[in-house]
Amino acid sequence: MAKKRKDKREFEEPAEYDMSSDTQDEFNNEPPMLSRSDSRRGKKKTIFKYPLLNLLIVFFLLIPIVIVIVFVTVQNMGSNEVKTETESTVNVSDNTQAKEEKAKAKKAAEEKAAAEKAAKEKKAAEEKAAAEKQEQDAAAAKKAEEAKKEQEAAEQKAAEGKAAEEKAAAEEAQKKAAGGSHTVQAGETLYGIARSAYGGAGAAAGVEKIKQANGLGSNDVPVGTVLTIPQ
């Protein structure tokens with residue numbers, strides 16, 4: 001109803017408008033005015049008059065849109081793949097670097113432990129060698145001291161023996177010079193005693209001297225008899 005009223009309003013002439021004949025002729029020569037609904041219907045009829053052409057137009061319009069969509073999709077997929085590959089590469093690189101650093105740290109710790117162990121072993125060996133050397137030096141010093149003591153004892157003993165021999169020789173010489181005495185031992189004879197005191201040449205005369213000095217009547221002398229040996 002609103003449309004009809006509007007159309008009626010468009011074609012109504014004003015009441016006080018006085019049209020002349022010329023004006024009426026010009027008005028009659030102009031084409032009739034169309035309503036909006038009529039113009040829309042005409043446009044729709046024009047659009048749907050050639051459906052194949054319309055389909056071709058739509059198809060050619062959709063092709064670049066589809067191409068753009070596909071291109072954008074491929075670009076996004078490629079960027080996602082590149083990003084994923086980059087992230088995986090970075091992760092692999094980080095993991096490899098972490099493994100290398102861990103291996104280096106482990107190797108450094110092993111080398112440090114080996115160096116400390118070698119240093120401890122070297123120190124223990126040096127201490128053991130020093131202790132052994134000290135023991136050897138102590139044993140050598142002790143042995144040298146013992147050898148020195150033994151040498152001193154031997155020298156002292158030799159000196160004492162020599163002194164005793166010298167003393168005995170001096171006493172024997174003194175006895176020979178001043179006469180002396182002799183204790184008869186088992187197996188000794190008076191002749192042997194005289195020979196020892198006076199020599200082989202004066203043995204017979206010595207026997208007689210001994211007899212006279214000791215008051216012996218025979219050559220038999222008991223063991224243990226102390227005889228005076230005259231000069």
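If you're wondering where the values come from, they're calculated on a predicted model, not measured in any experiment. Here, residue 1 is the first one in the sequence, and each next residue gets the next number.
Put simply, Ile67 and Leu56 are part of the same group of oily side chains (I, L, V, M, F, W, Y) that touch within less than 4.5 Å, one to the next. Under a hydrophobic clustering in which Ile, Leu, Val, Met, Phe, Trp and Tyr are joined whenever their side-chain heavy atoms come within less than 4.5 Å, directly or via other members, Leu61 and Leu53 fall into the same cluster.
Evaluated for a side chain to side chain contact (heavy atoms under 4.5 Å, CB included) with Val70, the options Val72, Thr73, Val74 yield exactly one hit, Val74.
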**Request:** Walk me through it: do Glu145 and Lys149 pass the test salt bridge (Lys or Arg N to Asp or Glu O under 4.0 Å)?
**Result:** CA-CA 6 Å; Glu145 188 176 356; Lys149 287 181 179 180; 3.8 Å; yes

**Asked** side-chain contact (heavy atoms from CB on, under 4.5 Å) between Leu190 and Lys211: does it pass, once the steps are laid out?
**Response** CA-CA 9 Å; Leu190 191 60; Lys211 279 181 167 183; 3.8 Å; yes

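Shown here is Gln134, whose CD atom has no more than 12 heavy atoms of other residues, nucleotides or ligands within 6.0 Å.
Between Asn219 and Val207, the closest heavy-atom pair is OD1-CG1, 3.6 Å. Closest non-hydrogen pair, Ser181 versus Val226, comes out as CB-CG1, 4.0 Å. Residue Ala203 comes nearest to Tyr191 through the heavy atom pair CB-CE1, 3.5 Å, listed as atom of the first residue, atom of the second, then distance. Closest non-hydrogen pair, Gln185 versus Glu188, comes out as N-OE1, 2.9 Å.
For the pair Glu116 and Lys120, the salt-bridge criterion is not met [side-chain N within less than 4.0 Å of a carboxylate O].
If you take CD on Glu152 and NZ on Lys148, they are separated by 5.5 Å, rounding to the nearest 0.5 Å. From Lys104, atom NZ reaches atom CD of Gln97 across 8.5 Å, with rounding to the nearest 0.5 Å. Atom CD1 of Ile65 is separated from atom CZ of Phe60 by 14.0 Å, given to the nearest 0.5 angstrom. Atom CD1 of residue Ile57 and atom CG of residue Leu62 lie 12.0 Å apart, to the nearest 0.5 angstrom.
Contact of the Tyr198 side chain with the Ile229 side chain is registered, since non-hydrogen atoms from C-beta on lie closer than 4.5 Å. The closest side-chain heavy-atom distance from Thr225 to Leu216 is not below 4.5 Å.
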